[in-house]
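The structure displayed is predicted, hence computed values, not measured ones. Start at 1 and go down the list; that is how both ligands and their atoms are numbered.
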Amino acid sequence: MEQILVTGGAGFIGSNFVHYLLENTDVSVTVLDSLTYAGNRMSLFGLDDKRFRLVVGDICDASLVDTLVAVADAVVHYAAESHNDNSLHDPRPFLETNIIGTFTLLEAARKHQVRFHHISTDEVYGDLELDDPERFTESTPYYPSSPYSSTKAGSDLLVRAWVRSFGLQATLSNCSNNYGPYQHVEKFIPRQITNVIDGVRPKLYGSGKNVRDWIHANDHSSAVWAILNRGRIGETYLVGADGEKNNKEVIQAILNIMGQPTDSFDHVADRPGHDLRYAIDSTKLRTELGWSPAYGDFASGLESTITWYKDNEFWWRPQKATTESKYLQQGQ
Ligand code: NAD
Ligand code: TDX
């Protein structure tokens with residue numbers, strides 16, 4: 001594999017993967033990204049232009065996609081509308097990018113017989129009770145709750161159909177909640193860190209008992225690289241790092257690291273249909289491909305993420321006011 005096409009490579013996890021590839025492998029990378037509100041050129045600033053280029057364009061543009069896929073050895077597909085809250089207010093872009101965009105890429109990969117890896121989420125499985133001893137596995141039935149997660153579920157099913165019907169050389173991964181550098185300030189952890197930096201109290205939806213299973217974005221990248229190289233075609237791998245925490249605990253950890261009283265946060269309106277708990281069993285990935293996370297400790301990963309947001313205000317500041325005024329209108 002010499003040339004990899006990364007869709008959505010100017011977004012949070014995609015840009016972390018591009019950095020991972022340039023630092024840890026010899027491959028060359030083309031990013032295809034339409035630079036929506038969630039994409040940021042600055043996340044790719046300073047990368048070696050002998051091994052990296054950014055093409056600004058839409059994954060629904062069949063002719064552009066065909067040209068780029070034709071010269072790639074593999075496609076790693078991150079591009080998506082990714083925020084649940086946005087999907088509740090305006091679902092259409094989720095249908096367009098997550099369903100039609102994925103379809104457009106699959107057709108090009110089929111035509112040019114290019115290896116394909118599809119990035120997805122644990123949210124396709126719905127949610128678990130707080131006291132359920134089970135975690136999601138590769139055989140958990142799909143039961144998505146939101147417009148976002150249902151379009152991701154739809155995109156996963158398209159990939160599986162292209163494997164079975166057309167022999168596409170594809171793998172899939174469904175990962176739990178990522179944290180780390182370059183995450184948009186609309187998302188939970190960066191929103192609270194940048195609120196505290198601004199002297200604003202963090203905002204907790206509802207009671208805050210909802211549980212997410214946190215993994216550092218670098219660990220997600222190493223998992224995707226392992227699957228791309230050693231994963232079995234047609235298979236799905238769940239990616240997670242045993243990082244279950246409820247939202248209140250996460251806010252309190254942020255406040256604690258940032259030297260604030262741990263009760264200085266506000267409860268705000270809950271998310272409609274708010275999934276209660278996600279939890280990943282990543283045994284298949286660990287045993288079959290020998291993967292393990294490097295960030296075993298959520299507290300130290302969170303501390304380095306907080307330091308990154310403090311040191312890179314130029315990166316997030318332009319989005320902060322617009323993001324917060326949107327939340328204010330929603331009572332959040
Ligand atoms: P993000 O919103 O930060 O980035 C998405 C990127 O895709 C942006 O750069 C955006 O400009 C680009 N994009 C959107 N529509 C496009 C289009 N039509 N054509 C080209 N580019 C387009 O998202 P993220 O958090 O980095 O998530 C990336 C992928 O990982 C998504 O597929 C998401 O479902 C999946 N995922 C995310 C998480 C998480 O915790 N963030 C967890 C599991 C899986
Ligand atoms: O201000 C907030 N307060 C709050 O309590 C925000 C923005 C969120 N929350 C809660 C909602 C969730 O329970 O925090 C949790 C995490 O919220 P998000 O960051 O919006 O993530 P989530 O909805 O869990 O989805 C994320 O993980 C799975 C990504 O955004 C998805 O793209 C991925 O598929």
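Numbered from 1 in the order shown, with element, the atoms of ligand 2 that lie under 4.0 Å from a heavy atom of L204 read 5 (O). In summary, the atoms of ligand 2 found under 4.0 Å from a heavy atom of H83, numbered by their order in the structure, are 20 (O). Listed by number with element, the atoms of ligand 2 under 4.0 Å from a non-hydrogen atom of Y327 are 7 (C). Ligand 2 places these atoms under 4.0 Å from at least one heavy atom of Y148: 31 (C), 32 (O), 33 (C), 34 (O). Set against the non-hydrogen atoms of E186, the atoms of ligand 2 under 4.0 Å away are 7 (C). The contact set between ligand 2 and H274, taken as ligand atoms under 4.0 Å from a residue heavy atom, comprises 11 (C), 12 (C), 13 (O). Heavy-atom contacts of K203 reach the following atoms of ligand 2: 1 (O), 2 (C), 3 (N), 4 (C), 5 (O) (cutoff under 4.0 Å). If you number the atoms of ligand 2 from 1 as listed, the ones under 4.0 Å from a heavy atom of T121 come out as 28 (C), 33 (C), 34 (O).
Assignment of G101 to the shell around ligand 1 is not supported, since no heavy atom sits closer than 4.0 Å. Residue contact annotation: K152 has a non-hydrogen atom under 4.0 Å from ligand 1. Ligand 1 has no atom lying under 4.0 Å from any heavy atom of S15.
The protein heavy-atom contact nearest to atom 39 (C) of ligand 1 is I13 CD1, 3.6 Å. Ranking protein heavy atoms by distance to atom 1 (P) of ligand 1, first place goes to S82 OG, 3.5 Å.
With a 4.0 Å heavy-atom cut-off, ligand 1 is reached by the backbone of L35 but not by any atom from C-beta on. Proximity of S176 to ligand 1, defined as any heavy-atom pair under 4.0 Å, is confined to the backbone N, CA, C and O atoms. With a 4.0 Å heavy-atom cut-off, ligand 2 is reached by the backbone of K187 and by its side chain too.
For ligand 1, none of its N or O atoms has an N or O atom of C60 under 3.5 Å away. At least one N or O atom of G11, backbone or side chain, sits closer than 3.5 Å to an N or O atom of ligand 1. At least one N or O atom of N247 sits closer than 3.5 Å to an N or O atom of ligand 2. The shortest N or O to N or O distance between D33 and ligand 1 is under 3.5 Å. Of the N or O atoms in N178, one or more lie within a sub-3.5 Å distance of an N or O in ligand 1. By the 3.5 Å distance cut-off applied to N or O atoms, Q192 is counted among the residues near ligand 2. Between S82 and ligand 2, at least one pair of N/O atoms sits closer than 3.5 Å. Residue E123 places at least one N or O, backbone or side chain, under 3.5 Å from an N or O of ligand 2. Geometrically, ligand 1 and N177 share no nitrogen or oxygen pair separated by less than 3.5 Å. Distances between N or O atoms of H220 and those of ligand 1 include no value under 3.5 Å. Considering backbone and side-chain N/O atoms, Y278 never comes within less than 3.5 Å of an N/O atom of ligand 2.
In this structure, R212 is not positioned above the aromatic face of F188 in the sense of NZ or CZ being under 6.0 Å from the six-membered ring centre and within 45° of the axis.
Ionic pairing of D66 and K111 is present here: one or more N-O contacts between side-chain nitrogen and carboxylate oxygen are shorter than 4.0 angstrom. Ion pairing between R317 and D198 holds under the 4.0 Å rule for side-chain N and carboxylate O. Residues K326 and E186 are not paired through a salt bridge, judged by the lack of any N-O separation under 4.0 Å between the basic side chain and the carboxylate.
Looking only at atom types and distance, the side chain of T36 has no donor-acceptor partner in the side chain of S34 under 3.5 Å away. Side-chain contact of T121 with K152: a donor-acceptor pair under 3.5 Å is absent, judged by distance alone.
For the residues A217, S34, G8, the heavy atom positioned nearest atom 21 (N) of ligand 1 is part of S34. Closest to atom 44 (C) of ligand 1 by heavy atom, among G39, G9, C175, S120, is S120. Checking Y182, Y78, Y37 against atom 31 (C) of ligand 1, the nearest heavy atom belongs to Y78. Summarising the contacts of atom 35 (C) of ligand 1 with I119, L44, T7, the nearest heavy atom is found in I119. For atom 33 (C) of ligand 1, the candidate residues are F188, Y148, F12, F94; the nearest heavy-atom contact is made by Y148.
A side-chain contact (heavy atoms from CB on, under 4.5 Å) with Y278 holds for exactly one of R135, E123, E244; it is E123. None of T151, T236, N174, T102 except one satisfies the side-chain hydrogen bond (donor to acceptor under 3.5 Å, both in side chains) rule with D156; the exception is N174.
Around CD of Q113, the count of heavy atoms belonging to other residues, nucleotides or ligands within 6.0 Å does not exceed 12. Heavy-atom neighbours of F166 CZ from other residues, nucleotides or ligands within 6.0 Å: above the threshold of 12. The environment of CZ in R51 is crowded: more than 12 heavy-atom neighbours from other residues, nucleotides or ligands sit within 6.0 Å.
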